[in-house]
Amino acid sequence: MEMGSQQEPLVPINTNEEKRTLELGGHVGFDSLPDQLVSKASAQGFCFNILCVGETGIGKSTLMNTLFNTTFENEEASHYGQMVELRPHTYELRESNVNLKLTVVHTVGFGDQINKEQSYKPILEYIDAQFAKFLEEELKIKRSLFNYHDTRIHICLYFIAPNGHSLKSLDLVTMKKLDSKVNIIPVIAKADTVSRNELEKLKIKVMSELVSNGVQIYQFPTEDEAVAEINSSMNTLLPFAVVGSVDDVKVGNKMVKGRLYPWGSVEVENEKHCDFVKLREMVLRVNMEDLREQTHARHYELYRRCKLEEMGFKDTGTDSQSFSLQQTYEAKRKEFLVELQRKEEEMRQMFVNKVKETEAELKEKEKELHERFEQLKRMHQEEKKNLEEKRRELEEEMNAFNRRKVAAETLMGQALQGCSQQPFKKDKDKKNFFSLPSACSLTSGRNLN
């Protein structure tokens, strides 16, 4: 048989083979692997991304400054934003020999709008955008995950206003939308503004509403025996009631972080006054790596699975048939071509309809222009006719005027001739007049005699 004419069947690998434990005859050296991982991780550094969700002025920036014992740059936010805006700020921090790339994301304008129904959407879009960036980097042919700046949100600190007796509807809706995408830890902000009894009632009410509405908040892990006890006790204290301050106040003979009031002072790091120390211990000292792991293994994997299923990828079926990337590509390519052909047909039909509509409009315009032309033509003919009549009338008037002119000239000529004959008659009359006295004198003399 010719080579390549038939493929040999794939031989399934038995993954259930029993593993044997062997004893080493001496020291080999792979027990230093944890130390190698620690050295490598310390040299590479870590990243941690915090999302702060809460109303404007509730104390998000102050708590972040207090949590990391520094002052982060932050712009003053107003209460008149048209929509929710997410502002990420990244900082390089160093403690002992550990480098931390910290990203703090603030939700500017959250809860300030009159219509708050869509306030959570920009937050969801931002979280999904960070997942999409990481997935895009994973699917590249030449990946660089080693030095890739991971911007996926590891923890969401949701700030609850202390001045209510329960959660607002906006809080419930937002946390319900976020619980499948990020680790949520609710905190009651500005806990120094309510009494101890009211604070305990508010904690119980908040947890009751979260459970009744099916909101899944982050639970500190209890699988590790080293932290199981402290994490179990901290889970019962959620939500944490916190107070933030970067100011130093004098209490007794020492300076502490706190707030000074006319009635006394509130110490931020005093566990009798608030839960700030508990929050810092749980988030930064005990469970930071678990928060990072949960983000990657749970939330990102859910996003990744949904996106790959949309793209047509699937795992090996129950019939143990291997998954073919080529077949998936061909199937998706055919689907894409069919969809493209359908859209091209829709565009062509839309173009034809648009052309027909344009032609009909042009014909209608042409008809209107033709009617307008005929109307102008008739008006022109009528005006031309009127002008001809006026021209004839003017000609007749000119002829009549000329005739009168000739008659007047004739009369004037006759009058001039008559005037030239009158001087002779006058001279004759003068002679006759001057001869009258002699005749009169003769007559008078006769009469006297």
Side-chain angles (χ1 to χ4, degrees), residues 48-55 57-69 102 104-107 110 153-168 171-172 174-175 178-179 182-211 213 215-222 227-246 256-259 266-291 294-295:
F48 193 63
N49 307 316
I50 302 176
L51 172 64
C52 299
V53 181
E55 299 175 356
I58 203 170
K60 302 185 293 293
S61 301
T62 304
L63 183 64
M64 287 297 101
N65 294 339
T66 311
L67 196 62
F68 291 93
N69 198 21
L102 175 68
V104 180
V105 184
H106 290 283
T107 53
F110 180 78
I153 300 299
H154 299 123
I155 179 176
C156 170
L157 292 178
Y158 196 95
F159 289 73
I160 301 171
N163 51 8
H165 298 287
S166 62
L167 289 172
K168 299 178 182 178
D171 299 331
L172 288 172
T174 303
M175 282 192 277
L178 294 178
D179 64 357
V182 68
N183 303 311
I184 301 176
I185 295 182
V187 295
I188 300 175
K190 298 183 177 180
D192 55 335
T193 60
V194 292
S195 65
R196 188 184 300 274
N197 293 333
E198 291 177 347
L199 196 58
E200 292 298 327
K201 292 179 182 179
L202 180 59
K203 281 188 174 186
I204 296 173
K205 184 66 174 178
V206 167
M207 291 304 300
S208 174
E209 291 184 346
L210 291 177
V211 172
N213 287 276
V215 178
Q216 300 293 328
I217 63 174
Y218 175 75
Q219 294 291 316
F220 303 117
T222 57
V227 294
E229 183 178 356
I230 185 173
N231 281 348
S232 297
S233 62
M234 290 298 108
N235 283 330
T236 62
L237 297 178
L238 291 173
F240 292 131
V242 297
V243 177
S245 176
V246 293
V256 296
K257 298 290 183 183
R259 290 182 175 274
V266 175
E267 300 177 32
V268 171
E269 297 181 346
N270 189 336
E271 296 189 31
K272 295 181 180 180
H273 293 181
C274 67
D275 298 331
F276 171 78
V277 174
K278 297 181 178 67
L279 174 66
R280 185 176 60 188
E281 291 291 304
M282 289 296 99
V283 172
L284 301 183
R285 189 179 69 85
V286 180
N287 298 299
M288 177 182 282
E289 180 56 29
D290 185 73
L291 289 166
Q294 285 292 321
T295 299

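What you see is a predicted model; the values in this text were computed from it and never measured.
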Colleague: If you take all heavy atoms of Pro239 and Pro186, which pair is closest and at what distance?
Modeller: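 Residues Pro239 and Pro186, closest heavy atoms: CB-O, 3.3 Å.
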Colleague: With a 4.5 Å limit on heavy-atom distance, are the side chains of Phe48 and Leu291 in contact?
Modeller: yes
Colleague: Using side-chain contact (heavy atoms from CB on, under 4.5 Å), reason through Met234 and Ile230 one step at a time and then give a plain yes or no.
Modeller: CA-CA 6 Å; Met234 290 298 108; Ile230 185 173; 4.3 Å; yes
Colleague: Mind checking the CG-OG1 spacing from Asn183 to Thr295? Nearest 0.5 Å is all I need.
Modeller: 4.5 Å
Colleague: Minimum heavy-atom separation for Ser232 to Thr222, with atom names?
Modeller: OG-CG2, 3.2 Å
Colleague: Measure the OG1-CD1 distance between Thr193 and Ile188 for me, rounded to the nearest 0.5 Å.
Modeller: 10.0 Å
Colleague: Testing the basics here: between Leu178 and Cys156, what is the closest heavy-atom pair and its distance to 0.1 Å?
Modeller: CD1-SG, 4.3 Å
Colleague: Take the angle between the ring planes of Tyr158 and Phe110 and call it parallel below 30°, perpendicular above 60°, tilted in between.
Modeller: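 Judged by the thresholds at 30° and 60°, the geometry between Tyr158 and Phe110 is perpendicular.
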Colleague: Ignoring hydrogens, what is the shortest heavy-atom contact between Asn231 and Pro221? Give both atom names and the distance.
Modeller: ND2-O, 2.6 Å
Colleague: What heavy-atom pair brings Val243 and Asp192 nearest, and what distance separates the two atoms?
Modeller: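 For Val243 and Asp192, the tightest heavy-atom pair comes out as CG2-N, 3.7 Å.
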Colleague: Can a donor-acceptor pair be found, under 3.5 Å and without considering hydrogens, that links the side chain of Thr62 to the backbone of Ser245?
Modeller: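 No, Thr62 side chain to Ser245 backbone: no donor-acceptor pair under 3.5 Å.
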Colleague: Which heavy atom of Val53 sits nearest to which heavy atom of Thr107, and what is that distance?
Modeller: CA-OG1, 3.5 Å
Colleague: Hey, are the side chains of Phe68 and Leu284 touching, using non-hydrogen atoms and a 4.5 Å cut-off?
Modeller: yes
Colleague: Going by heavy atoms in the side chains, are Phe240 and Val283 under 4.5 Å from each other?
Modeller: no
Colleague: How long is the straight-line distance from NZ of Lys60 back to CG of Leu157, given to the nearest 0.5 Å?
Modeller: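 Atom-to-atom, Leu157:CG and Lys60:NZ are 11.5 Å apart.
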Colleague: With Tyr218 as reference, evaluate Asp179, Asn287, Asp290 under the side chain to side chain donor-acceptor pair (under 3.5 Å) test and give the passing residue.
Modeller: Asp290
Colleague: Does any non-hydrogen side-chain atom of Glu55 lie less than 4.5 Å from one of Lys168?
Modeller: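 Yes, side chains in contact.
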Colleague: Do Val268 and Val256 pass the side-chain contact (heavy atoms from CB on, under 4.5 Å) test, and can you show the C-alpha distance, the side-chain angles, and the key distance before you say yes or no?
Modeller: CA-CA 8 Å; Val268 171; Val256 296; over 6 Å; no
Colleague: Could you walk me through whether Asn49 and Val105 pass the side-chain contact (heavy atoms from CB on, under 4.5 Å) check?
Modeller: CA-CA 8 Å; Asn49 307 316; Val105 184; 5.9 Å; no
Colleague: Distance check, rounded to the nearest 0.5 Å: Leu63 atom CG versus Lys190 atom NZ?
Modeller: 11.5 Å
Colleague: Looking at side-chain heavy atoms only, is the closest gap between Met175 and Leu167 below 4.5 Å?
Modeller: yes
Colleague: Can you measure from OG (Ser195) to CD (Glu200) and round to the nearest 0.5 angstrom?
Modeller: 10.0 Å
Colleague: Show me the pairs that pass salt bridge (Lys or Arg N to Asp or Glu O under 4.0 Å) and involve residues 270-287, at least two apart or across chains.
Modeller: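 Qualifying pairs, neighbours excluded: Lys203-Asp275, Glu269-Arg280, Glu271-Lys278, Asp275-Lys278, Glu281-Arg285.
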Colleague: Enter the distance from Met207:CE to Leu237:CG here, rounded to the nearest 0.5 Å.
Modeller: 10.5 Å
Colleague: side-chain contact (heavy atoms from CB on, under 4.5 Å) between Phe276 and Asn270: does it pass, once the steps are laid out?
Modeller: CA-CA 8 Å; Phe276 171 78; Asn270 189 336; over 6 Å; no
